[in-house]
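What follows is a set of notes on a single structure, which appears directly below.
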Amino acid sequence: MNLVKHQKQPTKVNAFFCTSKANIVKVSKKFSTIEVRSIIYSKFENEINLFKPLEHQLFLLDYSCPYSKDLLEMVNENKLFNYPLRWIILNTLQLDEKYKIFINSRVYLVDGKVVSLYKITEEKPYIYNQIYNGNKDNFHTLSDVKDRADLQKTRMNISIAYIYDETFNNFESLKPTLYDAFCKHNYILMLSIVAMLNVTPNYHYFRSWGVPDKKTGMYDGVVGDLQREQSELGATVCFFLKDRFKILEYIAPSTPTNEKFIFRGPPLSAVSNIYALPFNFAVWIACVLLFLMTMFVVYVIIKWEWFTSKDELIMNPFALKPTLVDVIQMEIGAMCQQGSETEPMSRSGRIATFFIFLSFMFLYTAYSANIVVLLQATSNSITTLEDLVTSRISLGVDDTVYNKFFFEIENGETQLAIRRLKVMPPNNPKNYIPLRVGVEKIRTEFFGFHAECDPVYKIVSATFSESEKCGLQEIKYWSFSDPWVPVRKNTTYKELIKIGYRHLMERGIQNRVFSRIYAKKPICQNSGANFVSVSIRDCYFALLIYVCGLTIAVLMFLLELFSKKLKQKFRTVKY
């Protein structure tokens, strides 16, 4: 009874006693005093009813009962010694070696003392741990995993995945490599698990994580090795897929996935009219009001000049005439810092002209300086998958086995649009390209490349100039969770391996190895000192104004020419 209380977890008991009904009632009452539900049997009928959930199930057996060995035989055949079921066997401190009571079992023998027992493998003998000797008031720890962490050099099959031969030859090196960083990261963590558990590893190497056969449903690669129970641990990470839950178990996160679309932010001129951006709306309104106000003042001054001194001004070819068109032309010349061949002649007119040129000079300088900055700026207009679909950017995907598989199983509306329009356009080859080619396209084109960030950033750091490292952006395409470390279904080592990975995480070993192997996003060191060439696309709106002006001038010329011809015709007819 004290052992049940000491376990400190919800418990429902199936008890098998060969004793009188009075004693059975007494035992039942004792269980009720500690709020434990119990069913007590006086005989065994070749079947056992289990409570749910199984974590709450405890079996209590009197080994001196005549049917006890038959019951244990049935339990052994049906693997009911395995986790999470618990067993307390009374009146014995030893069991026959034939029972499959492994590391994940929780079987306790009670006879004055309390011992737990387990086997590391089926061929090896039991290992007994005494947890209570009858002379002390407290129990030894019941942490099965803590007391059973030494597997005594037991052989353990471990499956390992890799893609590139370079990885296979440098698995144990902490030196960063270009390819398979996540494979190397998990391999090094696995070495720590091997040391913690004191096992002898036997490695199975594969070039694939596992793809199912459509006919048999059997996987190849690491997943297939675990499915066929030929390995206990997958020293890699696997994504959560519905079909895989039936054939393996996930125990711990290890290496986060960092697959994303990586691209250089487009120039601001590619998505916006940079000639409208230097000033905000209020400043543009102020500029228009300044233009109208100075035009009105100059027009009034010119009118007054010609009203008071018409005879002198009519003979002066540099005098500005009192027409609205001439005044507007002088204003445009001042705004563009081009000057004018005519100007006001009076002192007040010259003061107004000086004020106009001074005002527009400051505006022209500020405007030009902002244009230079905007020509070097990148746009943050692409921040979501929807933006990728609607923008002019081209997209490609790293040509690896797992990339192809997982890229094509995403069924979101936006992901389908990206595949249909950008990556797998109809009647065109799929845009699966090698890593180095994809990174070079990021550098030279308006291109987004879906790949693991680590190798991409290593190539970027080695091949991009400092200015080209600025403006790198990322957008995540996959929507599923980070992968976890897999183990064989119902492996007896599950809890040991799980806690081992938790220790690596809690003690910082996992993060340390990750930071040694994985590359970070390159830092833009001198974004303000970049020099960029200006293309025709950047000058699009300026050229558009020029073309529009030229078109209007040609049309006006043709109109004037037609008007002149028409006047000459009417004049000839009149005479």
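Because the structure is predicted, anything quoted here is derived from the model rather than measured.
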Do [X] and [Y] pair up side chain to side chain, a donor and an acceptor below 3.5 Å, judged on atom types alone?
| X | Y | answer |
| --- | --- | --- |
| Arg207 | Tyr164 | no |
| Glu343 | Thr353 | no |
| Trp484 | Ser254 | no |
| Thr167 | Asp180 | yes |
| Thr257 | Asp482 | no |
| Asn157 | Ser231 | no |

For the aromatic rings, using the six-membered ring if either is Trp, is the centroid distance between [X] and [Y] under 6.0 Å?
| X | Y | answer |
| --- | --- | --- |
| Phe407 | Trp478 | no |
| Phe446 | Phe263 | no |
| Phe291 | Trp284 | no |
| Phe480 | Phe406 | yes |
| Phe279 | Tyr367 | yes |

With side chains defined as the heavy atoms from C-beta onward, is the minimum distance between [X] and [Y] less than 4.5 Å?
| X | Y | result |
| --- | --- | --- |
| Ile509 | Tyr501 | no |
| Lys184 | Ile517 | yes |
| Arg264 | Glu468 | yes |
| Leu496 | Leu151 | yes |
| Glu410 | Ser479 | yes |
| Ile158 | Asn202 | no |
| Ile160 | Cys183 | no |
| Leu248 | Lys489 | no |

Mutual orientation of the aromatic rings belonging to Tyr518 and Phe514 [parallel < 30°, tilted 30-60°, perpendicular > 60°]: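 Parallel, since the angle between the ring planes stays under 30°.
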
Can you name the one residue among Tyr205, Tyr203, Tyr187 that meets ring pair (Phe, Tyr, Trp, His ring centres under 6.0 Å) with Phe168?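 Single pass found, and it is Tyr205.
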
Heavy-atom pair of closest approach, residues [X] and [Y]:
| X | Y | value |
| --- | --- | --- |
| Phe449 | Val397 | CE1-C, 3.6 Å |
| Glu331 | Phe360 | OE1-CE1, 3.8 Å |
| Pro522 | Val460 | CG-CG1, 3.7 Å |

Any salt bridge between Glu249 and Lys494, counting N to O under 4.0 Å?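 Counted as a salt bridge, because a side-chain N and a carboxylate O are separated by less than 4.0 Å.
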
Cation-pi, Phe464 ring and Lys469 (6.0 angstrom, 45 degrees):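 No cation-pi geometry.
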
Cationic tip of Lys404 within the cone over Tyr432's six-membered ring, i.e. under 6.0 Å and within 45° of the normal?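 Yes.
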
Is it true that, when you exclude Met556 itself, more than 12 heavy atoms of the residues, nucleotides or ligands shown sit nearer than 6.0 Å to its CE?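 No - once you tally the heavy atoms of other residues, nucleotides and ligands closer than 6.0 Å, there are 12 at most.
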
Under the side-chain contact (heavy atoms from CB on, under 4.5 Å) criterion, do Ile433 and Phe447 qualify, and how do the steps go? CA-CA 12 Å; Ile433 55 181; Phe447 183 80; 3.6 Å; yes

